[in-house]
Every structure is written in structure tokens, then in C-alpha cells.
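Counting convention: from 1, in listed order, for ligands and their atoms alike. For this chain, numbers begin at 1 and follow the sequence in order. Values below: every heavy atom of this structure, side chains too, minus hydrogens, waters and symmetry copies.
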Amino acid sequence: MNAPHRLYIETVGCQMNMLDSEMVVASLRQRGYELTGSPAQADTILFNTCSVREQAENKTYSALGRLKQEKLLHPEKIVGVMGCMAQKDQRLIFQKAPFVDLVVGPGQLQQIPDLIEKARREGGQHTALSLGRRDGAVNDIKRSHETFDPLRDPTMRPTPFQAFLRIQIGCDKFCTYCIVPMTRGPEQGRPPSQVLDEARILAEQGCKEITLLGQTVNSYQFRDGEQTTRLADLLCQLDAISGIERIKFVTNYPKDMTYDLLSAVRDLPKVSPYLHVPLQSGSDDVLKRMKRGYTVSDYRDMMARINETLGAQAAVSSDFIVGFCGETEAEFQASVDMIKECRFKNSFIFKYSERPGTRASDHLPDDVPFEIKKRRNNELLAVQNQISEDDNQAFLGRNVDVLVEGPSKKADSDAQLTGAPVQLTGRTHCDRIVVFDGNQRLIGQTIPIGIYDVTAHTLMGTVVTHESSSEYISLA
Ligand code: 5AD
Ligand code: SF4
């Protein structure tokens, strides 16, 4: 028998990319591939790439640069670039890194196994790309982005008991700064029956937590004749699957956070009251330039709906872009004010990065100097961190239910080998990170942890024993 092929895969970017990598690995395993942790030991090297900010692309081009020598010494190794940068830069990648063999967009990943074989057999450079947003009839464009490959690979998951599950691909919102509608194509909801089948398989494989993925996941809909399935309906059906304990969904679009959906979150015990709903800016003028399709007042209304339906148990987080085209100091201050007003659990803050191919790149100058973007980023983060730390104080002295994910980054590696107690990490139902000392047997279980200290991003606790659990109050 031939020695198995060895695959090295490097993934950057969002959870969608992590899931895409899982599927590519699963399809290559079917052809007898094994995973390896180093490019030197691999005969196939894949980069799953991101185009959302320039920095992510630079990272991939640097990684490719470092690989050049390896490929010169071993020209038989196959090097592939997949994901959003492949779709965006297309043959430009061959110009920048001429030793690359494959360029495969995120809508064409099912072609990877055959393309690798072809490149090995025939040599040459190969591409598999989806149609651009103006390159044909909508249905043809949609079809060219379909990669709902149900193949899964448990070894590629965040943990053996947590999995991503795609319910939607693409995006039709066309925010002016964003490249995603171009790289991932039109918004398409996946048929509910497929989603449910996949969730059942994941549950059978021991998955306790499922995170539903979509670019605007709460805009999900699937039409079948007269019947339209929305996210609230899907959550209801997923909640009934035994074995699944927690269901999350990211990322949300503010205007589609309806009462129906929030009521489903409230009424379905497995659905996490964690809502990631990016605001992006606290200024109406900036939101308009971003073409986000809502005003600050719309967002406030959404926060009111969340508070009304879910109350204090809800944890809302956001994304912000600082230094977007023409952002004045006053417009930036409006973002600071909204962070203070909404008291997000956490915010992901990004410096605006101009993306060729977007409307902002074509029509609006990237005129906020880098130093100012940096200062605004730090300032916004400091305000958010203070709020996160202050709000986490509410957990002091309380017990929270934690799904234990594994040893923390600080865990003693010798102790991990001997099976002695180590520092473990996990998350509450509302996505707060908790660390505590415990036996490694606890990994994969949901257990109560008593919280005795907090920082902005972490709750510190101890395992609640039977004796100490008489005053058990579950907060999250
Ligand atoms: N520059 C900076 N941040 C961006 N994001 C999307 N496009 C850009 C860009 N061009 C951010 C948004 C989005 C998150 C995933 O990335 O905040 O919500
Ligand atoms: Fe990009 Fe806007 Fe779509 Fe989100 S909603 S993926 S930011 S275009």
C-alpha cells in the first residue's frame, strides 16, 4: 500500500473559515490523507485565507514567502491557496507567489481533492473560482457559490463536543467597507432538513454545543413553496435534538433581531442568551456612509427589544470599525457613547482597512491617518474593557454553569500528562470565559462553578461541590 499523503493546513479568519477547513480535511481524509503539523513533513500544503482586512492578507503572503524555499527544494509538494483571498485576488496570487499550484475560492472547495490530484499528475497551475457578483444571472452566481458539503471531521473542531454548523452562506447587505459579499457571493439559506440532519449527526458524535454560522445569521430564511422557515423556527427544531445542550448563532444583523427570534431565545432552554450584533459605529452619518441600513435609533430599539424579552440574562456583544472614511472626532465619540450606553459584554474593534473591490474603496477616500485609527482603537477598547470588568463584578459570589472545554493556556503541561488537576477553561451559557482548577475528567461536562474573582475577559472560580452547592443560584 502507498504511504498516505500528508496534509498541512493553516487557517486564518472567521469561524466560517474554520468550518471550511474542517470540511476540506474531511474530504481529503476520505482519499487517505493524514494531517501533519509542519509544512516540512507535508506533501500538500493549504492556506485557508481571509480578505476582510489587509493585515490578514499580508499574513498569508508572508507565510507563502516563507514557503518558497521549501517548494524550491521539493517541487513535488502541492501548495494551494483557498478561501476569500483566493476568490478576491484570483490569478494575482500566481503573480505574487509563482510557486502556488492551486487557487480555490470558498464556493469551490469541493473541487480541492480532484484539483490536487490533477496538479500532482499534470503539473501546472489550477484555479476553481465562483462567479463575481456581476458575472451572470443571479441563480448562476448562487449555484457557483454552493458548497454545502456535509462532510465533517471531528479532529478539526474547537473541541470534540463543540461544532460549527453553517445555515447560511454569502451576504446581500453590501456594507460599503466589506469584501464578503464579493468573496462569498449571494445570501443563501440552507434547507432546514439538511441543517437538522447534520445537527443530529453531530449530536450522535458527542457534540453538546452547536454554533450556527451565517454572515447575517438572523436574516436566515428558506422558502419551500408556501412555507418559509426562519431562524426562530430552526432553533425550535434544533432545541428538540437530544444530546445537544447549547445552541449559539453568529453573526447577527441588528434590524433582523425580531421579537419572534428573541422570544425563541427566551423560551428555548438550550439557546444561549448570547447575541453578537455588530453596531459598527455610533454615528448616523458614519452608518450611512457604511450603508449599514439602520440608524442608531434603530439599534437602540433593538436593545430595548432585547431587554424587554431577555432582561439581565442577555449578553450582547458588538463589532466596531474606527477610522472609517471621513470619521470625525465627534463621530468617533458617538461610538464611545454607544459603548457606554449599551454596555456590551465585549466588543471586537477594528481599524478600517480599505478593501479594493468594495464601494468604499471606489467612492470614499481612506482619509483617517493610521495613528488616529490606532489611538481611537485603543481608546474604544479601554472604554469597553472597563465596562466588561465592571459588569463582570455582578458574578462575584455567584455560581455559573460552565461547559468545560479543556486545559487553559496556563495549564501545567506535566500535570496534563499525569492526569493531575490542572487549570481548566470553559464558557457560561452567555459565552463568558471561566477558568478554574479541576480534574481533567471534567472536560466535556457542564458543571457549576463558583466565581470568586473577575477581570474584563475572564471569570475565575472553583468547582462547586455538593456541600457548597446548597445556595446554588444559576446566573448564566
Ligand atoms: N476594515 C476593518 N474592519 C472590517 N470589518 C469588515 N470589513 C472591514 C474592513 N474593511 C469588520 C467588521 C465586521 C468584522 C467581521 O470585521 O466590524 O463585523
Ligand atoms: Fe460584510 Fe455587512 Fe455582510 Fe456583515 S452584513 S458580511 S459587514 S456586508
Side-chain angles (χ1 to χ4, degrees), residues 12-18 49-59 83-85 87-88 106-107 133 145 166-189 211 213-220 231 249-257 275-283 286-294 298-299 302 316-327 332 335 338-339 344 346-368 370 372-374 376-377 380-381 384:
V12 292
C14 62
Q15 291 150 326
M16 228 20 131
N17 267 16
M18 290 168 71
T49 60
C50 170
S51 283
V52 164
R53 282 168 291 277
E54 193 184 2
Q55 206 185 8
E57 293 189 345
N58 291 343
K59 212 165 134 186
C84 286
M85 198 178 95
Q87 183 65 35
K88 173 178 158 280
R133 295 290 304 232
H145 279 275
R166 192 181 342 246
I167 66 167
Q168 181 194 56
I169 57 169
C171 182
D172 285 341
K173 299 286 191 268
F174 287 101
C175 302
T176 56
Y177 52 80
C178 187
I179 194 71
V180 170
M182 275 56 86
T183 58
R184 290 199 177 259
E187 181 187 319
Q188 301 183 67
T211 302
L213 297 185
Q215 238 65 51
T216 55
V217 73
N218 60 334
S219 321
Y220 169 88
L231 180 58
F249 51 98
V250 290
T251 286
N252 292 281
Y253 180 70
K255 272 195 119 171
D256 292 328
M257 197 59 91
L275 304 170
H276 179 236
V277 210
L279 170 59
Q280 309 295 3
S281 168
S283 150
V286 175
L287 289 175
K288 210 181 226 167
R289 295 202 290 280
M290 290 177 165
K291 211 178 145 286
R292 280 291 284 175
Y294 56 83
D298 292 329
Y299 197 89
M302 178 203 74
V316 181
S317 65
S318 178
D319 292 353
F320 284 91
I321 296 178
V322 294
F324 184 62
C325 310
E327 186 187 63
F332 165 67
S335 293
M338 276 305 277
I339 285 199
F344 297 111
N346 68 296
S347 290
F348 301 95
I349 299 167
F350 306 103
K351 294 184 273 299
Y352 172 58
S353 164
E354 184 177 317
R355 308 288 50 230
T358 59
R359 290 186 194 182
S361 172
D362 288 344
H363 301 292
L364 299 167
D366 177 16
D367 53 2
V368 177
F370 184 78
I372 293 185
K373 287 180 184 169
K374 210 161 110 184
R376 290 180 184 169
N377 192 334
L380 207 54
L381 202 58
Q384 175 61 62

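- Residue D319 has at least one N or O atom closer than 3.5 Å to an N or O atom of ligand 1.
- Taking backbone and side-chain atoms together, C175 has no N/O/S atom less than 2.8 Å away from atom 3 (Fe) of ligand 2.
- Here the side chains of I179 and R53 are not in contact, with every heavy-atom distance at 4.5 Å or above.
- By the 6.0 Å contact criterion, NZ on K288 is open, its count of non-hydrogen atoms from other residues, nucleotides or ligands being 12 or less.
- With a 4.0 Å cut-off on non-hydrogen atoms, F350 touches ligand 1 through its side chain and not its backbone.
- Residue-environment remark: CD (Q15) exceeds the threshold of 12 foreign heavy atoms within 6.0 Å.
- The closest side-chain heavy-atom distance from C50 to M85 is not below 4.5 Å.
- Q168 and Q215 form no side-chain donor-acceptor contact under 3.5 Å, judged by distance and modelled atom types alone.
- With Y177 as the aromatic partner, R355 does not meet the cation-pi criteria of under 6.0 angstrom to the ring centre and within 45 degrees of the ring axis.
- Side-chain atoms of E54 and S353 include no donor-acceptor pair closer than 3.5 Å.
- Contacts with ligand 2 closer than 4.0 Å are made by no heavy atom of T251, backbone or side chain.
- In terms of protein heavy-atom proximity, atom 16 (O) of ligand 1 is nearest to R53 NH1, 2.9 Å.
- The ligand atoms of ligand 2 that sit less than 4.0 angstrom from a heavy atom of V180 are 6 (S).
- Given atom 7 (N) of ligand 1, the protein heavy atom at minimum distance is Y177 CD1, 3.3 Å.
- Within the listing of ligand 1, atoms 12 (C), 13 (C), 17 (O), 18 (O) sit less than 4.0 angstrom from a heavy atom of Q280.
- With a 4.0 Å heavy-atom cut-off, ligand 1 is reached by the backbone of V52 and by its side chain too.
- Side-chain contact check for L213 versus F249: every heavy-atom pair is 4.5 Å or farther apart.
- Residue contact check: P181 has heavy atoms under 4.0 Å from atoms 8 (S) of ligand 2.
- Below 30°, between 30° and 60°, or above 60°: for H276 and F348 the angle between ring planes is above 60°, a perpendicular geometry.
- At under 3.5 Å, a nitrogen or oxygen of S353, whether backbone or side chain, sits near a nitrogen or oxygen of ligand 1.
- With respect to atom 7 (S) of ligand 2, the closest heavy atom belonging to the protein is Y177 OH, 3.3 Å.
- Separation of atoms CG (N346) and CD (Q384) is listed at 6.5 Å; rounding is to 0.5 Å.
- The cationic group of R359 lies under 6.0 Å from the six-membered ring centre of F174 and within 45° of the ring axis, placing it in a cation-pi geometry.
- With a 6.0 Å cutoff to the six-membered ring centre and a 45° limit on the axis angle, K173 counts as a cation-pi contact of Y253.
- Looking from atom 6 (S) of ligand 2 to the surrounding protein, the closest heavy atom is Q215 CG, 3.2 Å.
- Heavy-atom distances between R292 and ligand 2 reach below 4.0 Å in at least one pair.
- Using a 4.0 Å cut-off to heavy atoms of K351, the atoms of ligand 1 that qualify are 1 (N), 2 (C).
- In this structure, atom 3 (Fe) of ligand 2 lies nearest to the protein heavy atom C171 SG, 2.2 Å.
- Under 4.0 angstrom from ligand 2, there are no non-hydrogen atoms of P278.
- Here the heavy atom of the protein found nearest to atom 1 (Fe) of ligand 2 is C178 SG, 2.3 Å.
- For ligand 2, the atoms lying closer than 4.0 Å to a non-hydrogen atom of T216 are 5 (S).
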